[in-house]
There are 2 protein chains.
Amino acid sequence: MSGRQSGRPTLEQVAARAGVGRGTVSRVINGSPRVSEQTRTAVARAVAELGYVPNQAARALAGSRTDAIALVIPEAEARLFAEPYFLDLIRGVSAELAEADKQLLLTLVRSEQERQRFEQYLAAQRVDGVLLASVHGDDPLPDRIRELGLPVVMNGRRTEAEPVPYVDSDNIGAGRAAVAHLVGRGRSRIATITGPFDMYVARARLGGYRAGLTEAGIPPDETLVSAGDFTEEGGRRAMRELLDRRPDLDAVFAASDVMAAGVRGVLREAGRRVPEDVALVGVDDSPVARLMDPPLTSVRQPIEEMGRTMARMLIREIHESTEAAPVEPRRHVLPTELIVRESS
Amino acid sequence: MSGRQSGRPTLEQVAARAGVGRGTVSRVINGSPRVSEQTRTAVARAVAELGYVPNQAARALAGSRTDAIALVIPEAEARLFAEPYFLDLIRGVSAELAEADKQLLLTLVRSEQERQRFEQYLAAQRVDGVLLASVHGDDPLPDRIRELGLPVVMNGRRTEAEPVPYVDSDNIGAGRAAVAHLVGRGRSRIATITGPFDMYVARARLGGYRAGLTEAGIPPDETLVSAGDFTEEGGRRAMRELLDRRPDLDAVFAASDVMAAGVRGVLREAGRRVPEDVALVGVDDSPVARLMDPPLTSVRQPIEEMGRTMARMLIREIHESTEAAPVEPRRHVLPTELIVRESS
DNA sequence: GACTAGTGTGGGAGCGCTCCCATACCTCTG
DNA sequence: CAGAGGTATGGGAGCGCTCCCACACTAGTC
């Protein structure tokens, strides 16, 4: 009737051709050791001759696992982040999943309605686990998914004490490294432009900034801190405030490259040279940083590596959830790296 | 035994609770009109009370459709394109699929080996159709997929006469608009830096450039054409050649923003001012364009809209392939738009 | 008042696997 | 040489749906 998959061979047919039973073919396909070498070869030949590929739906139904995982990206955040962020993350996740022979289901969540629909998908048992990119401080999704009994790994965390397994980069170290570098360049009136405080990443980078100052023997000064929102326009706004309040500043640590681009524009308009008058450091090491004039010193995060680590962790969680082994929540914090360019 | 999905209700249980048969519940779930209003309400209540969600694997097995489609992105290309390209494309595809209640399987193909594995996935009937991003001139994948009997829609085309359904932007129009704009600015010695000629998109933009010149009454001159490869470094190299060959040029149309960034660097080193000495136009309208100094005039492609269109087309193809209606290959070419900034 | 057409509904028969129990055979013990 | 303890194998019983045939029951026809 449907024509399309009419000719596709089944396990049964492979079994018949190899002169063995269904169970045996299944064992060979799934790499069970309980098969004689001779039988294995015979089955392998039949599989090759017929071009057999196991039907995924049947496998999922009988075995209650899908060999697929979902990666959820909240649309709102997708626009905030330095653009290649999510693509790099996807790249890492995808590479690791390919090695494990698992599929990646990508879900962009645009609205509350879509979030609910996504929960339906999860309930329909389409995936074995979930990867969450960029969660806000009060995001209920991670907990909801766990209630459904699905393993989850997040990128970043919601709070200092995050109960859900996650992979994060060392954002405190990022702030600290930036400040140490600026101090090393002889700067002492170092300002910072932060992200929104409902995101842990923003608080962490600010914390690192303060720690860096303290370590250098410079007392942190709140008049040198201005809140941005990770957008270029937010960076501009925060920089103007800063310039009003502290015209004597000699360096700025912007918590993202995109904000640093805004800062750079304001400095140009104000007639301040970079780096001579004001040194500038961003975070992300995005393509934007390389193309800025002058090229921007920036703290690099190992985004692709974070993706890989997340996928690895999730796969392990999936394994262990089957074995019902109770495991303490895992966390990984990957190191960041300062990339020095001409802006500092 | 497995614990995780122990409590998940089945069709059968919903039927029992609603006091109807399995078939009736299935009809309600699938929106068949052959159900009385009264029964429909009763079933709907049972569904709500039990929190029933149909098991996707069972559906796929029984109904031989997955409600999922694959989006394939060749890794090599992913690095070439102006970064947000694929994310925008994904955004469009995802939005359209969400409306149709379909899932998106994302596949990054890194190697020949992975391409083969991907074909296995298709054979395993995991998806109802395939979206292909960025195919090279000699890519066999589109045809292979059609041989498997799966509907395909590509982003871009391989040749002028592409047999596979596709969505493309008007690349010829892009080149033409860029040249017309430069001519309008009083330029007459307009050079171009192209993409690699094995990509149709590169040939089309070059064709548009030539058409634009001809329309303006300027005879195209091959010494003003230099081949790039869509990378920044390629743009630099091509620009140096051009400057050697035709130091008198007064404008450059670069076939991508990334190459334009390379061009801009070379011009700065050569002491040429933009736009006073040399006007510059790129393609993509990427974030890079906005942040360049001066901001880059660029031809915008409706990337997200292309994604949406692709998804819509594929969904229609899937429908029609079920109905076995023979359809002529479809194609959509979406208009581009010149965004004028200070570089020209 | 028997006949035809609808409607709504129930439930059997699969879809193509995995799981696991039963069986056959083989090897080693005492 | 009976019994125990492997190892390899076959195949039944499901997994939770969709498809479709069969059966009511209703309403309209001559």
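Letters A, B, ... mirror the listed sequences (proteins, then strands); counts begin at 1.
- Mapping A:Gly23 and B:Val20 onto DNA chain C by nearest heavy atom places B:Val20 at the nucleotide closer to the 5' end.
- Minimum atom distance to the side chain of A:Thr24 is reached by D:dT9, of the listed D:dT9, D:dC20, C:dC17.
- The CD-P distance, from A:Glu37 to D:dA8, rounds to 10 Å in whole Å.
- No more than 12 heavy atoms of other residues, nucleotides or ligands sit less than 6.0 Å from atom CZ of B:Arg144.
- One interatomic measurement links the two molecules: CD of B:Gln38 to P of C:dT7, which rounds to 18 Å at whole-angstrom precision.
- The separation between A:Ile29 atom CD1 and C:dC19 atom P is 14 Å, rounded to whole Å.
- Straight-line distance from the CD atom of B:Glu12 to the P atom of D:dG14: 13 Å, rounded to whole Å.
- The interatomic distance linking A:Asn30 (CG) with C:dC20 (C1') rounds to 14 Å, in whole Å.
- Considering only side-chain atoms of B:Thr39, the nucleotide from D:dG10, D:dC17, C:dT9 that sits closest is C:dT9.
- Between the side chain of B:Arg8 and the base of D:dG16, no donor-acceptor pair of N or O atoms lies under 3.5 Å.
- At a threshold of 4.0 Å, the pair A:Asp88-A:Arg91 counts as salt-bridged, since one of the basic side-chain nitrogens sits closer than that to a carboxylate oxygen.
- The OG1 atom of A:Thr66 sits 8.5 Å away from atom CG of A:Leu105, with the distance rounded to the nearest 0.5 Å.
- Between B:Thr10 and A:Arg34, the residue anchored nearer the 5' end of DNA chain D, judged by the nucleotide with its closest heavy atom, is A:Arg34.
- A search for side-chain contact (heavy atoms from CB on, under 4.5 Å) contacts involving B:Thr309 returns B:Val167, B:Glu305, B:Arg312, B:Met313, B:His332, B:Leu334, not counting sequence neighbours.
- Nearest to the side-chain atoms of B:Leu11 among the listed nucleotides C:dT9, D:dG12, D:dC17 stands D:dC17.
- The distance from atom CZ of A:Arg65 to atom P of C:dT18 is 7 Å, rounded to the nearest whole Å.
- DNA chain C is contacted by B:Leu61 of residues 50-61 of chain B, taking any non-hydrogen atom closer than 4.0 Å.
- The side chain of A:Arg22 has D:dG12 as its nearest neighbour among D:dT18, D:dG12, C:dT9.
- Separating the CD atom in B:Gln56 from the CG atom in A:Leu61 is a distance of 11.0 Å, to the nearest 0.5 Å.
- We find that CZ of A:Arg27 is positioned 10 Å from C1' of C:dC19, with the value rounded to whole Å.
- Among residue pairs with one or both ends in residues 42-55 of chain B, those qualifying as side chain to side chain donor-acceptor pair (under 3.5 Å) are B:Arg17-B:Glu49; sequence neighbours excluded.
- Contact check on A:Asp128 versus A:Arg65 returns no salt bridge, with no Lys/Arg side-chain nitrogen under 4.0 Å from an Asp/Glu carboxylate oxygen.
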